[in-house]
Amino acid sequence: MASKLGFILTLFFLIQMVAYCGDLSALQALHSLLDAVSITAGKAIAIEGSITSVVSAMVMKDCGGRIYALSSSAPQVGAVYEFAIEKAYQSLILSPKSMMVTVKRSTVIGYRD
């Protein structure tokens, strides 16, 4: 009888650990996706001069996230332009509320590789 109870308790903790590992893996994959999209968006912003509807649509299509500017001034050629891309993540066990995963990046306006 004690071995059956021990097995049931072990399964309870095992399921929690599997859900926790799943959350960590999903968050890492989402952060990597946002990072990859931010590189592409940074190049497009450097060419366009600011966040345009084309860049916003590209970010929405590629990762389902939202892009917004962190820089308050109007961008000039050669200026550093800061932006962030964020996306909501509903976790399995980490938090009862939706979490926002954000990647903050900067680019130089007018710079091309």
Side-chain angles (χ1 to χ4, degrees):
M1 182 69 175
S3 66
K4 291 180 183 178
L5 181 62
F7 179 70
I8 290 172
L9 287 174
T10 303
L11 283 180
F12 177 72
F13 293 121
L14 182 68
I15 290 172
Q16 287 182 350
M17 288 306 297
V18 167
Y20 182 73
C21 290
D23 272 343
L24 292 180
S25 297
L27 280 172
Q28 192 275 332
L30 180 59
H31 187 272
S32 295
L33 174 67
L34 291 178
D35 187 41
V37 171
S38 71
I39 293 170
T40 307
K43 288 184 179 182
I45 291 170
I47 293 169
E48 297 287 330
S50 67
I51 298 174
T52 61
S53 60
V54 174
V55 175
S56 296
M58 185 264 309
V59 169
M60 182 60 99
K61 183 184 77 129
D62 287 351
C63 69
R66 182 178 78 90
I67 187 169
Y68 58 92
L70 297 175
S71 301
S72 60
S73 61
Q76 303 289 326
V77 174
V80 176
Y81 189 77
E82 296 178 341
F83 64 96
I85 300 175
E86 70 179 7
K87 184 176 180 183
Y89 173 71
Q90 183 62 45
S91 66
L92 298 173
I93 200 169
L94 288 177
S95 174
K97 295 186 237 175
S98 180
M99 300 185 314
M100 297 303 287
V101 179
T102 306
V103 174
K104 297 178 182 177
R105 296 290 180 261
S106 62
T107 188
V108 177
I109 300 297
Y111 177 75
R112 296 182 188 182
D113 289 338

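- One distance of note links CE of Met60 with CD1 of Ile85; it measures 11.5 Å at 0.5 Å rounding.
- The two residues Glu48 and Val55 make their nearest non-hydrogen contact at CG-CG2, 4.4 Å.
- A donor-acceptor pair under 3.5 Å is formed between the side chain of Lys87 and the backbone N or O of Cys63.
- Scanning all heavy atoms of the two residues, the minimum distance from Lys104 to Ala84 falls at CG-CB, 4.0 Å.
- The 12-atom threshold is exceeded at OH of Tyr68, counting heavy atoms of other residues, nucleotides or ligands nearer than 6.0 Å.
- Listed here is the closest heavy atom pair of Gln76 and Ile109: O-CB, 3.4 Å.
- Atom CE of Met17 is separated from atom CD1 of Ile93 by 9.0 Å, given to the nearest 0.5 angstrom.
- Residues Val101 and Glu86 have side chains not in contact (no heavy-atom distance under 4.5 Å, counting atoms from C-beta outward).
- The OG atom of Ser106 sits 10.5 Å away from atom CD1 of Ile45, with the distance rounded to the nearest 0.5 Å.
- Under the 4.5 Å side-chain criterion, counting only non-hydrogen atoms from C-beta, Phe83 is in contact with Ser38.
- Closest approach of Ile67 to Ala41, counting heavy atoms only: CD1-CB, 4.1 Å.
- Judged by distance alone, the side chain of Asp23 and the main-chain N or O of Ser91 form no donor-acceptor pair under 3.5 Å.
- Within the 4.5 Å cutoff, the side chain of Leu94 has heavy atoms near those of the Leu27 side chain.
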